[in-house]
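In what follows, a structure is listed as structure tokens, so that the remarks can point back to it.
Proteins come first, then strands; the chains are lettered A, B, ... in the order of their sequence lines, and each starts at number 1.
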Amino acid sequence: DQQVKQNSPSLSVQEGRISILNCDYTNSMFDYFLWYKKYPAEGPTFLISISSIKDKNEDGRFTVFLNKSAKHLSLHIVPSQPGDSAVYFCAAEGPNDKIIFGKGTRLHILP
Amino acid sequence: ETGVTQSPTHLIKTRGQQVTLRCSSQSGHNTVSWYQQALGQGPQFIFQYYREEENGRGNFPPRFSGLQFPNYSSELNVNALELDDSALYLCASSGTKGLSGASTQYFGPGTRLTVL
């Protein structure tokens, strides 16, 4: 049973435009939601997080939106840059600090 | 601050064998978590260690075991290897929670295990 779902395996976006990556979850007990970025042959790197009591967190070009009623969050990257091409994992952290990851979305930034 | 390192990078084993994977956490990080990432999947939580004690476990059988040492290194041991154990194994270390309150985990590059 997947508690964190990323339904789009891949996404292609023109350089300079907005990239929107989506994530759905099923467990209302998650305290935090996180986004990780992964390049080939490297481990995931932390990008941005949001507390379950907030609905928006912004860090430079990256903004995460949380809609608790819909159990949905999204990561917005604007403007998209070539270096943003990577696999993005949505993750959720529960009360015991256990982190559950989605399957990932591969983002391609097109020139 | 040194990053998280893992060894070996790649490993090939045969079914039924045992394997030990190693991780060196960032200095000062008391928590280490291990994940299995199968092809096309996200990382799956195996277990977590805090100050050398197991502090949570995912849905993995007992043949997956671990150790954490005082020098910020840790091991993942897998006995009686099965073909489905072929995956990328990631370790991640974390210290105190960040400003957001979330446990920011710092991942190593992983060990690619192939079981034949």
Give a yes or no on whether [X] atom [atom1] has more than 12 heavy-atom contacts from other residues, nucleotides or ligands under 6.0 Å away.
| X | atom1 | answer |
| --- | --- | --- |
| A:R17 | CZ | no |
| B:N71 | CG | yes |
| B:L116 | CG | yes |
| B:R15 | CZ | no |

Heavy-atom distance under 4.5 Å to chain A: side chain of B:F47, backbone, both or neither?
-> neither
State, to 0.1 Å, how close [X] and [Y] come at their nearest heavy-atom pair, and which atoms those are.
| X | Y | value |
| --- | --- | --- |
| B:Q41 | A:F89 | O-CE2, 4.1 Å |
| B:P109 | A:A41 | CB-O, 4.1 Å |
| B:F45 | A:I99 | CB-O, 4.0 Å |

Are [X] and [Y] grouped together when hydrophobic residues (ILVMFWY) are joined by side-chain heavy atoms under 4.5 angstrom apart?
| X | Y | result |
| --- | --- | --- |
| B:Y35 | B:L113 | no |
| B:Y106 | B:Y72 | no |
| A:L21 | A:F65 | no |
| B:I46 | B:Y50 | no |
| A:V78 | A:V64 | no |

Return the [atom1] to [atom2] distance between [X] and [Y], rounded to the nearest 0.5 Å.
| X | Y | atom1 | atom2 | value |
| --- | --- | --- | --- | --- |
| B:Q44 | A:F101 | CD | CZ | 11.0 Å |
| A:K103 | B:Q37 | NZ | CD | 12.0 Å |
| A:Y36 | B:F107 | OH | CZ | 5.0 Å |

Heavy-atom contact with chain B under 4.5 Å, split by part of A:K54 | neither
Mind checking which of residues 80-90 of chain B sit less than 4.5 Å from chain A, heavy atom to heavy atom?
->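 Counting heavy atoms that sit under 4.5 Å from chain A, the residues of residues 80-90 of chain B involved are B:L88, B:L90.
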